[in-house]
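To keep things clear, I will list the structure first and then write my remarks on it.
Below, chains carry the letters A, B, ... as their sequence lines are ordered, and counting in each starts from 1. Every value quoted in this text rests on a predicted model; they were computed, and no experiment measured them.
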2 protein chains.
Amino acid sequence: MQKFFAAIRNASDIPELWDAFTGYFEQHHIDHLCLIHIPPPGAHDFGKVIIATIGYPDAFRRRYIEDKLYLDDPIPDHARHHPMPFRWSEIGEMRKLTSPQISFLKEVEQLGIGDGLAIPVFGPHGRNGYVGLALGPHNEDTSDELLHEFQAIAQMAHQRYCELLSTEETETITLSPREKEVLVWVARGKSNNAISSILGISANTVDTHLRRIYDKLGVSDRTTAAIRGIGCGLIAP
Amino acid sequence: MQKFFAAIRNASDIPELWDAFTGYFEQHHIDHLCLIHIPPPGAHDFGKVIIATIGYPDAFRRRYIEDKLYLDDPIPDHARHHPMPFRWSEIGEMRKLTSPQISFLKEVEQLGIGDGLAIPVFGPHGRNGYVGLALGPHNEDTSDELLHEFQAIAQMAHQRYCELLSTEETETITLSPREKEVLVWVARGKSNNAISSILGISANTVDTHLRRIYDKLGVSDRTTAAIRGIGCGLIAP
DNA sequence: ATGCACGTCACGCAGCTACGTGACACGGCT
DNA sequence: AGCCGTGTCACGTAGCTGCGTGACGTGCAT
């Protein structure tokens, strides 16, 4: 176990990370594995859903991304709010499902992946996701001890993934100190006039700063600018 | 180790969690321990910084919260962006420090807690924080293996903490489906007019929905409404 | 059957936002 | 010396926002 832990933690690129990650689960006879990460709005890679799988039909995998099936998947929706691992089969009891969600679950069931474990994982800047493990006859009864280990491995892999992402991140947006200051107040809901009073500068200057912020962030309104700023970690909570 | 892991995972309230958490680290001769969690803006508990400590002077702890010393603490600032554990002493090399940050670090050093390990932890809705472990003569050389364990324990404790928070959360804001739909488009930066076209309703109706959203969220502008909606997990990424 | 939450719509108005367009000074880099 | 990023400021304007105020139908729950 320590071997895989170390390999995940020290992986120098994403394929290497994925190898270590799947290697671990293969040892535990997990034959269906998926890792899903939906980048937050405002992130530079928003829209690129990450899904790495073992044992899932390739057609389904493609459909999941291209047909935006992940929008109907209730698992990430639940995982976003609740850190504790849960069974797919429990999801109906935990939350009201919409009809697209129900039909999505039926489709998954027809793939022969009826039940499994979802392990929510969390990262910086709202980079959340989950690791899905199908439970088959080999591993129906997962001990608590093993579950803890799965959880630790999953979380560690996700964190390493986020770390690798941020080093690979080419598109680096930088705001000047003054611009950040303005954006912070924008995110607090202040009007240009209010910000000008707070910072002791003219409202026109606030306007100018804001225009440059829009320009740098590639947006054209204060709301998305603020969300993007938070999503990219440019401004602090 | 498994004993503590299980105790953390199954803790039924926050004091119990904290007992299990500190119990684990006491076994490893960690005499200075802190756990810091700054709730995100928009969360119902925003402003209530959580800091649980072992071995820190009580006066410092109070100052940290009351005098908002955490705003000058560069550790959470770094931990927010980078999931991998790091040494406090390394922070100067990793990022330019502002002068309040430098004087904060000096103050900590004078407490006799010169160097230590910061383990970033992440949770749902941007509930991030870190666990700080002072390194003394007893544990200067922490093996990789032990570090992985620390990381797993810290992350698990934080996740359990978030889970407990959400069950203890009394103030539950609920938006109607239509309101959520409107808020999603607000968060995408759409104007009322644009939203009215998208949803096929009149701009006046969008306006009415929005007013009720402001009312429910306790805000009075679209930007904070959107941020609050995301922060509370009311609307999805 | 009487609320209550929800979803829909209307008018007006003060104030704010986004954007076009332009300007000037300071400091660092080449 | 010249360029570029930064920070400051100005004027105008079409369009948008937030809020006061009021209304009506539907459906669920007590």
Remember a base hit wins even if backbone is also touched, and classify [X] as base, sugar-phosphate or nothing at under 4.0 Å, heavy atoms.
X	result
A:Asn193	sugar-phosphate
A:Ser191	sugar-phosphate
B:Thr205	base

State whether B:Asp215 and B:Arg211 are salt-bridged, where the test is any N-O pair (Lys NZ or Arg NE/NH1/NH2 against Asp/Glu carboxylate O) under 4.0 Å. no
Can you confirm whether B:Val131 sits close enough to B:Phe21 that some side-chain heavy atom of one is under 4.5 Å from a side-chain heavy atom of the other? yes
If you compare every side-chain N and O of [X] against the phosphate oxygens of [N] (OP1, OP2), does one of them come in below 4.0 Å?
X	N	answer
A:Ser202	D:dA10	yes
B:Asn192	D:dC16	no
A:Lys190	C:dT17	no

How long is the line joining [atom1] of [X] and [atom2] of [N], in whole Å?
X	N	atom1	atom2	answer
A:Asp215	D:dT6	CG	C1'	14 Å
B:Asp207	D:dA23	CG	P	18 Å
B:Arg178	C:dA5	CZ	C1'	16 Å
B:Asn204	D:dC19	CG	P	16 Å
B:Tyr214	D:dC19	OH	P	7 Å
B:Lys180	C:dG7	NZ	P	11 Å
A:Glu179	D:dT8	CD	P	10 Å
B:Arg212	C:dG7	CZ	P	8 Å

C:dT21 base to A:Arg211 side chain: any donor-acceptor pair below 3.5 Å? yes
Between the base of D:dC19 and the side chain of B:Ser220, is there a donor and acceptor pair under 3.5 angstrom? no
Taking the six-membered ring for Trp and the full ring for Phe, Tyr or His, determine whether the centres of B:His37 and B:Tyr161 are under 6.0 Å apart. yes
Return the nearest nucleotide to the side chain of B:Ser176; candidates are C:dC9, C:dG7, D:dT8. C:dG7
Working to the nearest 0.5 angstrom, can you tell me the gap between B:Leu217 CG and B:Cys232 SG? 7.0 Å
Are the side chain of B:Tyr214 and the backbone of B:Ala225 linked by a donor-acceptor contact shorter than 3.5 Å? no
When you match B:Ala203 and B:Lys216 each to their closest nucleotide on DNA chain C, which lands nearer the 5' end? B:Lys216
